[in-house]
Amino acid sequence: DAGVIQSPRHEVTEMGQEVTLRCKPISGHDYLFWYRQTMMRGLELLIYFNNNVPIDDSGMPEDRFSAKMPNASFSTLKIQPSEPRDSAVYFCASSGQIETQYFGPGTRLLVL
Amino acid sequence: QKEVEQDPGPLSVPEGAIVSLNCTYSNSAFQYFMWYRQYSRKGPELLMYTYSSGNKEDGRFTAQVDKSSKYISLFIRDSQPSDSATYLCAMSGVQGAQKLVFGQGTRLTINP
């Protein structure tokens, strides 16, 4: 298995632009998670899905952030408009069991 | 106060030393306790998992949970330079068990 796949791996954009991050979970996993990691705040859960349905989005910082999971093999996290404070590493993870979440390699986002 | 507190370090020890990493938490509902290891510029990977209280051993790694003190530990015996990484504790409750709360992470360096 290829593991969790994220794209792009790096993204540099200007403030105000729309950013779309993509994730392909491990086949057969029912849960998909989006996290954000910064030096100041550590690893924070933004939103998670179960069987393509959003379960908890309480970690989404504001309305500029949105996430979708149109099918079991694809999810997107969108930031519109982007701001410099959104600069972080964004991880996608998937899970089939409570105790094990498999993380992707992350997308390093820099908003200038 | 954060739900999960973890000293960010950095922690630097000589090769072969015993390493002790720990986290404290405030939410008595937490039942699932994990340790993740994150190498530089990579996603976190699950290292150890414990349900409720007690100890768990896996090779050179031992995880301990003391729910009465709301304190968890990870011990690394015969530490190796390849153990140099950031170690994150994570935990969740029975309700919404997939929703992990992470500690800040402790950056560990093992010196040859």
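All values below come from the heavy atoms of this structure, side chains included, with hydrogens, waters and symmetry mates left out. The sequence lines fix the lettering, A, B, ..., with proteins before strands; numbering per chain opens at 1.
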Nearest 0.5 Å, what's the [atom1]-[atom2] distance between [X] and [Y]?
X: B:L21; Y: B:F75; atom1: CG; atom2: CZ; result: 9.0 Å
X: B:Y25; Y: B:K67; atom1: OH; atom2: NZ; result: 6.0 Å
X: A:N71; Y: A:K24; atom1: CG; atom2: NZ; result: 8.5 Å
X: B:W35; Y: B:L47; atom1: CH2; atom2: CG; result: 9.5 Å

Item to check | Flag, side chain of B:S92 to backbone of B:Q98, donor-acceptor distance under 3.5 Å | outcome: no
Checklist entry - Can any side-chain N or O of A:T20 pair as donor or acceptor with the backbone N or O of A:K78 at less than 3.5 Å? => result no
Next on the checklist: Checking an interface table here. Which of residues 102-112 of chain B come within a heavy-atom distance under 4.5 Å of chain A?
Outcome noted: B:F102, B:Q104
Checklist outcome for this item: Per-residue tally against chain B (heavy atom, under 4.5 Å) across A:G42, A:A93, A:C92 peaks at A:G42
Checklist entry - Are any of the side-chain nitrogens in B:E5 or B:K70 under 4.0 Å away from the carboxylate oxygens of its partner? => result no
With a 4.5 Å heavy-atom cut-off, do [X] and [Y] have their side chains touching?
X: B:M48; Y: B:T50; answer: no
X: B:M34; Y: B:Y32; answer: yes
X: A:V4; Y: A:F91; answer: no

Next on the checklist: Ring-plane angle category for B:F30 and B:F33, please: parallel below 30°, perpendicular beyond 60°, tilted otherwise.
Outcome noted: perpendicular
Item to check | Leading residue by heavy atom contact count with chain A [cutoff under 4.5 Å; candidates B:P8, B:G43, B:P44] | outcome: B:P44
Next on the checklist: Quick check on the structure: residues of residues 102-112 of chain A within a heavy-atom distance below 4.5 Å of chain B, by number.
Outcome noted: A:F103, A:G104, A:P105, A:R108
Item to check | Heavy-atom contacts under 4.5 Å, residues 51-67 of chain A to chain B | outcome: A:D56, A:S58
Next on the checklist: With a 6.0 Å cut-off (strictly less than), is the heavy-atom count around CZ of A:R41, excluding the residue itself, greater than 12?
Outcome noted: no
Checklist entry - Is it the side chain or the backbone of B:Q6 that comes within 4.5 Å of chain A heavy atoms, both, or neither? => result neither
Item to check | B:R77 to B:F61 - nearest heavy-atom pair and separation | outcome: NH2-N, 4.2 Å
Item to check | Sub-6.0 Å ring centroid separation between A:F33 and A:Y48 | outcome: yes
Checklist outcome for this item: Turns out that what part of A:L45 lies under 4.5 Å from chain B's heavy atoms comes down to side chain
Checklist entry - Which residue pairs satisfy the side-chain hydrogen bond (donor to acceptor under 3.5 Å, both in side chains) criterion with at least one member in residues 6-15 of chain A, sequence neighbours excluded? => result none
